[in-house]
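Chain letters run A, B, ... following the sequence lines, proteins first, then strands; residues in each count from 1.
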2 protein chains.
Amino acid sequence: MAQESPTFSPLYRQIRGLLTQALQSGEWRPGEAIPSETELAQRFNVSQGTVRKAIDEMAADNLLVRKQGKGTFVATHHDPRAFFRFLRLAPINGTIETSQSVPLECWRARAGQEVARTLDVEVGSQIIIVRRLLKFAGKPVVIDEIYLRGDLFPGLNLDVLKEQQGSLYSFFETRFGVRMVRAEERLRAVAADRQSADYLEVQEGSPLLSVERVAYTYDDKPVEWRRGLCSTADHYYLNNLN
Amino acid sequence: MAQESPTFSPLYRQIRGLLTQALQSGEWRPGEAIPSETELAQRFNVSQGTVRKAIDEMAADNLLVRKQGKGTFVATHHDPRAFFRFLRLAPINGTIETSQSVPLECWRARAGQEVARTLDVEVGSQIIIVRRLLKFAGKPVVIDEIYLRGDLFPGLNLDVLKEQQGSLYSFFETRFGVRMVRAEERLRAVAADRQSADYLEVQEGSPLLSVERVAYTYDDKPVEWRRGLCSTADHYYLNNLN
DNA sequence: GAGTGGTCTAGACCACTGC
DNA sequence: CAGTGGTCTAGACCACTCG
């Protein structure tokens with residue numbers, strides 16, 4: 001029912017669109033259960049199998065999480081298993097370490113050309129810049145500079161950031177209703193500048209891993225641009241190629 | 001039919017196992033079409049939908065490639081689209097560049113403890129070590145040191161390597177019937193040693209991206225261990241986080 | 001037109017959770 | 001026990017490719 005001709009989109013893909021829209025509108029919040037497959041099938045007037053296929057895709061993209069016998073849930077950054085989805089750093093020797101995010105600075109500014117293009121906003125619109133230090137087992141490992149769309153994070157400042165527990169994305173999710181869904185990272189090796197070297201307690205000029213990231217929300221629009229400098233003396237960046 | 005009780009494995013997963021086994025045995029070679037879904041369903045005495053689900057999973061893992069109207073094919077590294085699945089380097093400014101693999105050295109040795117553990121072979125068994133330079137648009141970008149299981153690459157030497165066209169994995173696939181299926185990479189930033197600096201035409205001590213990789217075949221056994229040092233002056237390593 | 005994969009449906013039954 | 005997701009089946013029809 002309702003199938004277009006030029007760009008053919010199967011029913012389950014349309015259902016996915018409707019579900020994504022509902023997620024975006026906040027009808028079901030991160031961590032909550034969405035209605036059962038049979039309920040959704042009735043609501044959209046399709047068979048249960050079609051809803052199922054839509055949910056399958058969204059679960060594969062980490063938008064939803066299925067739990068047999070319990071239901072299907074909106075994915076959340078609070079889930080400890082989701083923590084390392086966006087933080088691919090692991091200690092070279094040894095086990096899991098506790099991590100701590102230390103906010104250093106937070107101020108508002110106007111978007112220059114490059115930031116405006118990356119975040120898909122007008123040049124001159126308000127952005128927020130955050131600098132923070134990430135510690136593993138008490139030792140500084142990453143220094144981040146983060147650019148955010150100002151309109152999406154009203155009231156964000158250094159004091160608010162200090163309330164943060166858990167990951168930054170988990171914090172954005174509950175505090176501002178902004179959920180990061182996917183990201184693109186560009187990695188390079190660079191020499192430590194003076195300031196970063198001081199923060200990371202390494203020598204100026206020593207090699208650091210530069211991780212540049214653009215993160216997107218549901219509607220595939222960029223929300224965050226960040227650049228992290230990682231000391232890889234005791235940690236490496238893990239990646240699986242399938 | 002035939003469902004175990006302790007570790008329950010659904011039928012389609014068992015079918016996947018049988019298909020993987022057939023791939024591993026070389027019944028269908030990379031690039032070839034496998035039998036149609038209905039044929040496979042008859043062969044395994046299951047419904048077409050069950051075969052379909054098995055193939056779906058394997059296509060998601062890049063073991064098979066579906067082509068509507070034509071059939072399902074064994075994935076191959078010859079496919080230009082598969083080229084950047086294991087080579088995540090892209091030029092910082094500009095378009096696609098031609099790449100060239102220049103073999104430098106190739107010799108046989110006995111596996112030490114670390115290599116033996118990584119490649120899951122006995123200490124002292126034969127391994128092959130390859131050094132090669134990777135050029136983009138004529139300029140050196142990566143210097144690789146590659147450790148291979150000697151038993152899987154009989155007759156491999158520098159002369160043979162010079163016949164290589166396309167990617168190294170594509171070469172291994174046709175020449176030795178060894179197909180890399182997935183890999184794990186560990187990235188760090190390091191300072192260039194004298195020799196690497198010379199090859200990459202950078203200054204000694206300048207920051208390089210170290211990419212350590214273990215690659216696996218169908219049976220999930222490690223086949224290759226390699227370490228690449230990348231000059232990220234004009235290229236970055238691209239990664240998508242979903 | 002014949003053959004392939006892709007979609008959609010409907011129904012039966014299994015596995016897991018929680019009351 | 002009822003309710004959820006997970007599996008398996010069978011059949012109808014659509015979209016694409018190729019001769």
Do any side-chain atoms of residues 64-75 of chain A form donor-acceptor pairs under 3.5 angstrom with protein atoms, and if so which ones, sequence neighbours left out?
residue, atom, partner, partner atom, Å
A:Arg66, NH1, A:Asp56, OD1, 2.5
A:Arg66, NH2, A:Glu37, OE2, 2.1

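With salt bridges taken as basic N to acidic carboxylate O contacts below 4.0 Å, none links B:Glu212 and B:Arg227. Salt bridge A:Asp234/B:Arg188: absent, no basic N to carboxylate O contact under 4.0 Å. Salt bridge annotation for B:Arg85-B:Asp79: absent, with no cationic side-chain nitrogen under 4.0 angstrom from a carboxylate oxygen. For B:Asp220 and B:Arg182, the salt-bridge test passes: some basic side-chain N is under 4.0 Å from an acidic carboxylate O.
Applying the 4.0 Å criterion to OP1 and OP2 of C:dT7, one finds that A:Thr50 has every side-chain N and O outside that range. Taking side-chain N and O atoms only, B:Tyr12 has no distance below 4.0 Å to OP1 or OP2 of D:dC8.
We find the CD-CD distance between A:Glu27 and A:Gln21 to be 10.0 Å, quoted to the nearest 0.5 Å.
Rounding to whole angstrom units, CD of residue B:Glu39 and C1' of C:dG3 are separated by 11 Å. Separating the CZ atom of A:Arg13 from the C1' atom of C:dC8 is a distance of 15 Å, rounded to the nearest angstrom. Rounded to whole Å, atom P of C:dC8 lies 11 Å from atom CD of A:Glu57. If you take CZ of A:Arg52 and C1' of C:dC13, they are 14 Å apart, rounded to a whole angstrom. In this structure, B:Gln48 atom CD and D:dG11 atom P are separated by 12 Å, rounded to whole Å. Taking atom CZ on A:Phe8 and atom C1' on C:dG5, their separation rounds to 12 Å, with Å as the unit. Between A:Leu11 atom CG and C:dG6 atom C1' there is a gap of 13 Å when expressed in whole angstrom units. In this structure, CD of A:Glu37 is placed 15 Å from C1' of C:dC14, rounded to the nearest angstrom.
Of the possible donor and acceptor atoms, none in the side chain of B:Glu57 sits under 3.5 Å from a partner among the backbone N and O of B:Ala54.
Closest to the side chain of A:Ser36, from the set C:dT4, C:dT9, D:dT4, is D:dT4.
Annotation: proximity of residues 60-73 of chain A to DNA chain D (heavy atom, distance under 4.0 Å) is found for A:Arg66, A:Lys67, A:Gln68, A:Gly69, A:Gly71, A:Thr72, numbered in ascending order.
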